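Here's a structure for you.
Just so you know, these numbers come straight off a predicted model, no measurement behind them.
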Amino acid sequence: TRAARDASQSATRPVILVVDDDPEVVRAVARDMRLAFGEHFQIVRADSGSAALEAARQLKLQNRPVALLLSDQRMPEMTGLEAAALLSEVSPTTKALILSMHDSEEYVLQALDAGAYGYLLKDTDKSEFVKALRQIHAGNKYFSGAVSNVLANRLLDTKSFIKNPKVDDQYHLTKRE
């Protein structure tokens with residue numbers, strides 16, 4: 001039957017786990033993922049970090065690790081970064097893409113430090129979203145344009161500091177002097 005065939009195909013496809021505490025957002029993102037990747041991935045939704053971890057544990061018992069995690073950064077109870085870190089213990093090969101409304105340096109750097117493969121703003125258009133997932137699934141990092149600007153500015157500021165470190169010595173003497 002078709003249902004048995006669909007279940008069999010579903011059992012062999014890698015999983016994209018979509019996590020957001022906003023029911024409308026998680027439905028919309030999961031729908032978009034099904035349209036773009038449904039032929040090659042099973043899309044699983046979770047409404048919290050703890051629900052995502054439980055889904056990942058159940059999938060692991062079925063020998064079906066999560067290939068990609070798409071998670072909202074800020075959620076009550078557990079942030080997307082915390083969920084991604086804990087998920088890596090259950091499914092170490094999972095690559096995380098963090099979704100956020102915030103493009104501040106602090107949030108972006110927290111995601112990088114946590115090992116995220118990508119960071120997209122929630123208003124990212126669907127074509128860039130699909131491109132990001134393909135890049136991340138292939139093992140590459142991906143950051144949206146606004147986020148890339150934050151990272152580039154941080155890198156340029158760091159290089160500037162390395163070239164021109166601030167001198168605390170008011171007389172600017174060298175060690176020899």
Side-chain angles (χ1 to χ4, degrees), residues 15-33 36-37 43-57 65-168:
V15 174
I16 295 176
L17 182 54
V18 179
V19 187
D20 198 304
D21 60 314
D22 183 329
E24 289 180 36
V25 171
V26 79
R27 272 194 302 273
V29 172
R31 181 195 65 236
D32 291 346
M33 293 301 95
F37 298 106
I43 312 303
V44 175
R45 297 185 311 199
D47 61 4
S48 69
S50 57
L53 292 171
E54 182 55 33
R57 286 185 191 102
V66 176
L68 296 168
L69 170 71
L70 277 68
S71 181
D72 184 11
Q73 181 163 13
R74 294 187 61 176
M75 296 182 288
E77 174 198 335
M78 181 186 301
T79 69
L81 298 179
E82 292 166 334
L86 292 170
L87 182 64
S88 71
E89 296 172 12
V90 176
S91 180
T93 59
T94 300
K95 296 174 181 81
L97 171 62
I98 301 300
L99 304 174
S100 181
M101 296 183 314
H102 306 282
D103 65 354
S104 75
E105 184 176 302
E106 176 186 358
Y107 285 117
V108 173
L109 294 177
Q110 284 177 355
L112 279 174
D113 289 342
Y117 271 70
Y119 190 101
L120 291 178
L121 299 178
K122 285 188 174 182
D123 63 358
T124 299
D125 67 62
K126 289 179 188 176
S127 63
E128 184 173 9
F129 200 75
V130 168
K131 181 180 177 183
L133 284 173
R134 287 191 174 124
Q135 289 292 315
I136 291 168
H137 184 62
N140 301 308
K141 303 274 185 174
Y142 192 94
F143 303 94
S144 65
V147 173
S148 294
N149 288 338
V150 168
L151 295 173
N153 288 334
R154 174 63 179 247
L155 179 63
L156 292 172
D157 288 347
T158 302
K159 283 186 175 184
S160 172
F161 176 78
I162 291 169
K163 285 182 181 177
N164 303 310
K166 292 184 172 131
V167 179
D168 290 335

How long is the span from the CG atom in Asp32 to the CG atom in Leu70, to the nearest 0.5 Å?
10.5 Å
Any side-chain donor near an acceptor of the partner, Arg134 and Tyr142, under 3.5 Å
no
Sequence-distant partners of Tyr117, side-chain hydrogen bond (donor to acceptor under 3.5 Å, both in side chains), two or more places apart
none
With rounding to the nearest 0.5 Å, note down the distance linking CZ in Arg74 to CG in Leu99.
14.5 Å
Rounded to the nearest 0.5 Å, what separates atom CD in Glu89 from atom CZ in Arg57?
9.0 Å
Between CG of Leu68 and OG1 of Thr93, what distance do you get to the nearest 0.5 Å?
9.5 Å
Would you mind writing out the side-chain donor-acceptor pairs for residues 19-27 within the sub-3.5 Å range, not counting sequence neighbours?
{"unit_1": "Asp20", "atom_1": "OD1", "unit_2": "Asp22", "atom_2": "N", "d": "2.8"}
{"unit_1": "Asp20", "atom_1": "OD2", "unit_2": "Lys122", "atom_2": "NZ", "d": "3.1"}
{"unit_1": "Asp22", "atom_1": "OD1", "unit_2": "Glu24", "atom_2": "N", "d": "2.9"}
{"unit_1": "Asp22", "atom_1": "OD1", "unit_2": "Val25", "atom_2": "N", "d": "3.4"}

For Gly80 versus Ser71, what's the shortest heavy-atom pair and its separation?
CA-OG, 3.2 Å
By salt bridge (charged side-chain N to carboxylate O under 4.0 Å, His left out) - contacts of Glu105 (at least two apart)
Arg154
Checking the side chain of Glu82 only, and the main-chain atoms of Thr79 only, is there a donor and an acceptor separated by less than 3.5 Å?
yes
At what distance, to the nearest 0.5 angstrom, does CG of Leu17 lie from CG of Leu97?
12.0 Å
Of all the heavy-atom pairs spanning Glu77 and Ser50, show the shortest one and how long it is.
OE2-OG, 2.7 Å
Between Ala111 and Leu81, what is the shortest heavy-atom contact and its length?
CA-CD2, 3.6 Å
Treating Lys141 as the side-chain partner and Ala116 as the backbone partner, does any N or O pair qualify as donor plus acceptor under 3.5 Å?
yes
Ser48 OG to Asp72 CG distance, which is reported to the nearest 0.5 Å
11.5 Å
Validation row: His102, Tyr119 side chains within 4.5 angstrom (heavy atoms):
yes
Between Thr94 and Leu69 (side chain of the first, backbone of the second, donor and acceptor by atom type, cut-off under 3.5 Å), is there such a pair?
no
Can you find a heavy atom in the side chain of Leu133 that is under 4.5 Å from one in the side chain of Phe37?
yes
Set out, in order, the CA-CA distance, both residues' side-chain angles and the distance that settles side chain to side chain contact (heavy atoms under 4.5 Å, CB included) for Ile98 and Gln110, then state yes or no.
CA-CA 10 Å; Ile98 301 300; Gln110 284 177 355; over 6 Å; no
